[in-house]
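For reference, the structure is listed below as structure tokens.
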Protein chains: 2
Amino acid sequence: MRGIIRTGLDHLSLVRKDNSEHDFSFSQVERLTNKLNQTPQRITAETVAEAAKVSRAAVSRAFNPDAPLKPEKRASILRIAEELGYVPDRAARALVTRRTHLVGVIVPDVCSPWESQEIDALTTALQAEGFATLLFKTRTDFSMDETLLAYMRGFNPDSVIAFTENVRPHVLTRYLDRAVPIYINYLMDEEPADGLRAREPEALYDRIDVDQWEGMEQAVALLAGYGCRRIAYLSGKRDSLAEQARRRTLAALMARRGLPPPTIIPGDFSYDAGHAGTLDLFRVGEGADAIFAANDESAFGALDALRYELKRRVPEDVKVVGFDDISQSHWRSYNLTTVKVDLEARIRALVRLILRRLKDPAAPALSETVRTRLVVRGTVG
Amino acid sequence: MRGIIRTGLDHLSLVRKDNSEHDFSFSQVERLTNKLNQTPQRITAETVAEAAKVSRAAVSRAFNPDAPLKPEKRASILRIAEELGYVPDRAARALVTRRTHLVGVIVPDVCSPWESQEIDALTTALQAEGFATLLFKTRTDFSMDETLLAYMRGFNPDSVIAFTENVRPHVLTRYLDRAVPIYINYLMDEEPADGLRAREPEALYDRIDVDQWEGMEQAVALLAGYGCRRIAYLSGKRDSLAEQARRRTLAALMARRGLPPPTIIPGDFSYDAGHAGTLDLFRVGEGADAIFAANDESAFGALDALRYELKRRVPEDVKVVGFDDISQSHWRSYNLTTVKVDLEARIRALVRLILRRLKDPAAPALSETVRTRLVVRGTVG
DNA sequence: CGCCAAATTGAAAACGTGTTCACTTTTCGG
DNA sequence: CCGAAAAGTGAACACGTTTTCAATTTGGCG
């Protein structure tokens, strides 16, 4: 570890007023500097072993709960280690155990509310299990290229979670050819044409299924109940799998109720695209009774376009439904009716699967299903 | 590396339609499984050395641009390494160089728009420099406790950036006593009472100063120009240093123009607190001509309370100014006038300082200043 | 008290790299 | 063409752990 940068905002007179505390910090820095210049003597297991009059192996065992060691000896070692401020070096440990306790997370855009919620929940969960989140950014076009994969591989994460899509097959191939254990998780979200919830025929890998049928069905039922017939679908990014699944599900649900197929508004999950697309639909296109957006953020854009530019009342003239239920959706200006994915459950399942697979790479594949449900707020009804 | 989990949403018929591609993936997984079960033979520098008919040291040198090695030999080694898919093991490398190329980032809440923007920008910048972001979450009360610090220390990050405050002195002490090079960065934001921009008397550590005086002065000037006298300040979290700096700066600026001191609305940077605090001010308290919020998110809460619950027109009856200029601020429903911090410049400076300090721990301390300016939108004028 | 099994322990060998230090080869001026 | 300086190279060690394996201690039971 090399440095702490404190980016909190401070202010000079505050520093002066609380003299003792801050002088303290200064002297610490100086002490540190001195220390740095003289002896960079590191505290290692050897140091602890000498202090505790045991072997280095015993120290190692003291920190690995499963290793055999007489309880009182372990306690004694841990106490001394605590006093000395010893912490096992993860780099050295990783070198021999082949476990870094790092989980690589790939996202196109940390700022997106939905993604930031996922990162937040995931980080919390991983932290509780002794892991840490290693964050990587792709381009925002959802592509995950070979360069990034190789770059990340250098950090040896124990597992990789890609909140992005379109891993090109040849990239994956190269990756797998490295003798890297990989399991891929496809989510299945649509009730297929035959009316049965389909399951993968073979369970080759761990998987989390998000059952988006349920929540979307509730939404369509509600809209239909209000007499909406012309429901437009505000798309997400074309190449996103989430987008495709949601679009198909909506089409299937509407067909089932004898409604005309949805008008497709092109979009990319962003506020601006939702705004522009909605303007187009009503100015150039044929309008709609309701807009079903691929995510909440673009629903906000649609909502603002309807209210401010197009002077329509929501929900009286046009109804709007989103997808995700991000925290902004309950804000008074939007108060969006939306399909909520149980994020907590999803992340819990994710972490559970990771840990299980890490513990036993040969365990049989498992799949878990996460539900969705409609949250009714002000933009419908 | 152990696994890739793909959390994109997929859907069964899609899988079936694009048969070739997905069969491909399946077979990959199987090949992998086989590989895993037979020989987990890792590709190491030794492997490459044999293939290239050079020593292992040469391979190491090939990957360290500064090490002496005949150019053509380096090229040849790199080519063969590429073919074999060899990447130097960072754990082993870290063990000897004491550099992990990890930068620990501590945040209370990834979901907060401002913080997620910082994380996003920082991750991008670090990635470009060969580093990776290691993310940790504190409690949302801005405190950074000893447990987390110790936990993070185990990962040996080269540097730590704490987007949170209130490191308790004894925690810091323990931390420094580990012979860990640390530099602390206080930001200084207020024009002090004597009217001069104060500077730290001694440059003991690298530092980034955010000059929030400039942008806030523009905001107050604009408000005063519209005849606002009773300006309320919507606070952030009490113990946040940013909060304290902004409050003092506002008070100083208003005093300078002979305006009465601002009414303080308690808050915590959140939408809900902004909403509730504003309701209180107007229902129980004395109201105001304008509200200056500690950040944009709470300004949104104030705005919604004014418009929907209190039936005031913004900006005609009451004006609102925020701080940060997050991406939501340009959304049509809010269209917030706000003080913009030059985030890009701030992150660039941050990364520059980190890299410089890492390269040369003994370099003289440096400070950089980041400016702020007012972005005028619809909530004032 | 004596014996065998079980529990506990320490020495030493990995793990995969960077780096020092001699040694060899190349370069270059004369 | 010679010598010296420079450049390039490889063997061996260090980094701080975990883990194997053999040795030692402990405990139970007759």
Side-chain donor-acceptor distances from residues 125-136 of chain A under 3.5 Å, at least two apart:
| from | atom 1 | to | atom 2 | distance (Å) |
| --- | --- | --- | --- | --- |
| A/Gln127 | OE1 | B/Lys137 | N | 2.9 |
| A/Gln127 | NE2 | B/Lys137 | O | 3.0 |
| A/Thr133 | OG1 | A/Thr123 | OG1 | 3.2 |

Calculate the interatomic distance between [X] atom [atom1] and [N] atom [atom2]; express it in whole Å.
X: B/Arg56; N: C/dT17; atom1: CZ; atom2: P; answer: 8 Å
X: B/Asn156; N: D/dC15; atom1: CG; atom2: C1'; answer: 12 Å
X: A/His101; N: D/dT18; atom1: NE2; atom2: P; answer: 10 Å
X: B/Leu95; N: D/dC15; atom1: CG; atom2: C1'; answer: 4 Å
X: A/Ile77; N: D/dT18; atom1: CD1; atom2: P; answer: 12 Å
X: A/Arg74; N: C/dG10; atom1: CZ; atom2: C1'; answer: 16 Å
X: A/Asp89; N: C/dT17; atom1: CG; atom2: P; answer: 17 Å

Please lay out, stage by stage, how A/Arg93 and A/Phe63 fare under the test side chain to side chain contact (heavy atoms under 4.5 Å, CB included). CA-CA 11 Å; A/Arg93 174 180 280 186; A/Phe63 280 88; 4.1 Å; yes
Would you mind reporting whether B/Ile43 and B/Val87 have side-chain heavy atoms less than 4.5 Å apart? no
Let me know, please, whether A/Lys53 or B/Val96 comes out on the 5' side of the other along DNA chain C by nearest nucleotide. A/Lys53
For D/dG16, does either OP1 or OP2 sit under 4.0 Å from a side-chain N or O belonging to A/Thr44? no
Please test B/Asp89 against B/Thr44 for side chain to side chain contact (heavy atoms under 4.5 Å, CB included), starting from the C-alpha separation and ending with a verdict. CA-CA 8 Å; B/Asp89 184 325; B/Thr44 133; over 6 Å; no
Using a strict 4.0 Å threshold on nitrogen-to-oxygen distance, state whether A/Glu118 and A/Arg346 make a salt bridge. yes
Value for CG (A/Leu84) from CZ (A/Arg79), rounded to nearest 0.5 Å, stands at 11.0 Å
So B/Ala57, base contact, sugar-phosphate only, or nothing? Heavy-atom distance under 4.0 Å.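 Base, at least one base heavy atom under 4.0 Å.
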Set of side chain to side chain donor-acceptor pair (under 3.5 Å) partners for B/Arg74, sequence neighbours left out: none
Look at the side chain of B/Arg90 and the base of C/dT17, then say whether one donor and one acceptor between them are separated by less than 3.5 Å.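 In this structure, the two groups form no donor-acceptor pair.
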Is there a residue in residues 59-73 of chain B whose heavy atoms reach under 4.0 Å of DNA chain C, and which residues are they?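 Contacts with DNA chain C under 4.0 Å: B/Ser60, B/Arg61, B/Asn64.
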